[in-house]
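Hydrogens, waters and symmetry mates are skipped; everything else that's a heavy atom, side chains included, is used. By convention in this document, chain letters (A, B, ...) are assigned in the order of the sequence lines, proteins followed by strands, and residues within each chain are numbered from 1.
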Number of protein chains: 2
Amino acid sequence: MSKKENILFTALALFASKGYDSTSTRQIAVEASVSEGLIFRHFGSKEGLLNAIIVHGISISQSYIQPILALNNPKEVIKRSIQLPLSVPGEDHEFWKLLYTLKWQRSEYEEGAFDSLRQKLTHAFRSLAYQNPELEAQLIEIYIDGLATEILLRKGDAQELTQLILNKYEL
Amino acid sequence: MSKKENILFTALALFASKGYDSTSTRQIAVEASVSEGLIFRHFGSKEGLLNAIIVHGISISQSYIQPILALNNPKEVIKRSIQLPLSVPGEDHEFWKLLYTLKWQRSEYEEGAFDSLRQKLTHAFRSLAYQNPELEAQLIEIYIDGLATEILLRKGDAQELTQLILNKYEL
DNA sequence: GTCTATACCAGGATAGAC
DNA sequence: GTCTATCCTGGTATAGAC
């Protein structure tokens, strides 16, 4: 791993656990075993470092949204969407925790990452003749957020909860 | 309004909009038109100020949870719980936004405010003979969080979404 | 690409007068 | 209770050498 990557992943871990503002570049440098100056050489500013993390994370997250977008069976789309939080690998949890934190802290980061998924869900509900496909899709997003909160914040096992929700849709 | 209260409400507004860490005591002092020293006289530290805000807010929030705890009809308990986010008066929105932000930022603040409500909901579902009352109660909490997010963060009108959820329980 | 040294500012907090 | 003035630390960021 290059020092640049090293800085990026160290910063991600610290931002996720203590928050962006209360993590100092000093600390990132120490934990990553690099000089503080190097952070600024590579990323320009602390904010630049944060952006690099987001960009990297978004591209990773596409990798588990893409497969759902490719599905044809509407029931399968709904099912896989609900299972999404459970299917995110542990190594990506830090990134998602950071993103959820930022969402509340700095509205700029309210994520468009899920826009395409919402559209897909809307279509799925429409083809299943639900009365209000848009709202139903929004509700699935609420489930995703809720399950993510359970997993990321309370470190709970969301398996049962996921199953309960799937049952409600007879999936 | 005393200067002390003035500091408290000004800080609440700033913390809610920009986050705790990136709001300086300097700024609070300016916006509240008091000297910076006064903040520390009254609250000891910036952290102390935050605590005062939380304590004040928690006591307010009891005022809309209490009425639900007093209900006897289980269906009514569920209904009113789901309507909770919609029923929170606009003037309390800032406080809730702050609390949701802190929840992700500093786990200490993961709120026990709703513990009693969760118990009440569990009983309600049990008396309605639901298979898994605990999980069902947890799901209602997810609805509450989701609706709160819609209202507080996206400033959306959660009326339709609330109705959709109520329909699912035939309420 | 990387480190060392350092500038410079803003943060929280305190002292002392009124 | 309140203000003014001030301290000190630690934050981000830059310069210059290797």
Side-chain angles (χ1 to χ4, degrees), chain A residues 1-57 94-95 97-99 101-102 104-109, chain B residues 1-57 94-95 97-99 101-102 104-109:
Chain A
M1 186 155 59
S2 71
K3 293 218 168 189
K4 186 172 176 180
E5 287 173 304
N6 193 230
I7 292 168
L8 198 133
F9 291 120
T10 304
L12 166 57
L14 288 170
F15 288 167
S17 75
K18 322 186 352 170
Y20 173 76
D21 288 300
S22 40
T23 301
S24 69
T25 51
R26 211 97 91 192
Q27 193 181 359
I28 296 167
V30 172
E31 300 249 332
S33 308
V34 296
S35 69
E36 212 179 336
L38 195 59
I39 295 173
F40 294 92
R41 280 270 173 225
H42 280 310
F43 301 99
S45 66
K46 191 186 173 185
E47 189 85 25
L49 173 54
L50 178 61
N51 280 328
I53 291 172
I54 305 287
V55 167
H56 175 260
E94 279 180 342
F95 170 70
K97 184 153 181 257
L98 174 59
L99 218 62
T101 307
L102 287 173
W104 282 99
Q105 215 168 325
R106 343 184 106 207
S107 36
E108 316 96 83
Y109 290 109
Chain B
M1 186 155 60
S2 72
K3 294 217 166 186
K4 186 171 177 180
E5 286 173 305
N6 192 230
I7 292 169
L8 199 134
F9 291 120
T10 305
L12 166 56
L14 288 170
F15 288 167
S17 74
K18 323 188 347 168
Y20 173 76
D21 288 301
S22 41
T23 300
S24 69
T25 52
R26 213 93 93 191
Q27 193 181 359
I28 297 167
V30 171
E31 299 250 333
S33 309
V34 297
S35 68
E36 209 179 339
L38 194 59
I39 295 173
F40 294 91
R41 282 270 171 225
H42 279 309
F43 301 99
S45 66
K46 191 186 173 185
E47 189 85 25
L49 172 55
L50 179 61
N51 279 328
I53 291 171
I54 305 288
V55 167
H56 176 260
E94 279 180 342
F95 170 71
K97 184 152 181 255
L98 175 58
L99 219 62
T101 307
L102 287 173
W104 282 98
Q105 216 168 325
R106 341 184 107 204
S107 37
E108 317 95 84
Y109 289 109

Could you state the [atom1]-[atom2] distance from [X] to [N], rounded to the nearest angstrom?
X	N	atom1	atom2	result
A:L38	C:dA5	CG	C1'	16 Å
A:F40	D:dG11	CZ	P	11 Å
B:E36	C:dA15	CD	P	15 Å
B:N6	D:dC3	CG	C1'	15 Å
A:M1	C:dT2	CE	C1'	17 Å
A:I28	D:dA13	CD1	C1'	13 Å
A:F15	D:dG11	CZ	C1'	13 Å
A:L50	D:dA13	CG	P	12 Å

task: Quick one: do B:H42 and B:L8 satisfy side chain to side chain contact (heavy atoms under 4.5 Å, CB included)? Show the steps, please.
output: CA-CA 10 Å; B:H42 279 309; B:L8 199 134; over 6 Å; no
Any B:S24 side-chain nitrogen or oxygen under 4.0 Å from OP1 or OP2 of C:dA10: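 Checking C:dA10 against B:S24, no side-chain N or O comes under 4.0 Å of OP1 or OP2.
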query: Below 4.0 angstrom from OP1 or OP2 of C:dC3, is there any side-chain N or O of A:K3?
result: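 Looking at the OP1 and OP2 atoms of C:dC3, one of them is under 4.0 Å from a side-chain N or O of A:K3.
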query: Reckon B:S2 touches a base, only the sugar-phosphate, or nothing at all at heavy-atom distances under 4.0 Å?
result: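 Touches nothing.
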- prompt: Base, sugar-phosphate, or nothing for B:S22, non-hydrogen atoms under 4.0 angstrom?
  reply: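 No contact at all - B:S22 keeps every heavy atom at 4.0 Å or more from the nucleic acid.
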field: Nearest heavy-atom neighbours spanning A:L99 and A:I54
entry: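 Closest approach of A:L99 to A:I54: CD1-CD1, 3.6 Å.
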- request: Would you mind telling me which residue lines up with the more 5' stretch of DNA chain C, B:K46 or A:S35, judged by nearest nucleotide?
  value: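 In this pair, the answer is A:S35.
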field: Shortest side-chain distance from A:T25, nucleotide among D:dT12, C:dA13, C:dC3
entry: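 For A:T25, the side-chain atoms sit closest to D:dT12.
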- request: Looking only at side-chain atoms of B:S45, point me to the closest of C:dC3, D:dT2, C:dA13.
  value: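 Among C:dC3, D:dT2, C:dA13, the one nearest the side chain of B:S45 is C:dA13.
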query: Is the shortest side-chain N to carboxylate O distance from A:R106 to A:E47 below 4.0 Å?
result: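 Yes, this pair counts.
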- prompt: Do you see a donor-acceptor pair shorter than 3.5 Å between the side chains of B:Q27 and B:K18?
  reply: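 A donor-acceptor contact under 3.5 Å links the two side chains.
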task: Would you tell me whether B:Q105 and A:T101 have side-chain atoms, one donor and one acceptor, within less than 3.5 Å of each other?
output: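 Absent: no donor and acceptor within the cut-off.
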message: With hydrogens left out and only the distance checked, is there a donor-acceptor pair under 3.5 Å joining A:R26's side chain and the base of D:dG11?
response: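 Flag set: donor-acceptor pair detected.
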- prompt: Under the 3.5 Å rule, do the base of C:dG12 and the side chain of B:R41 count as making a donor-acceptor pair?
  reply: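 By the distance-only test, no, there is no pair.
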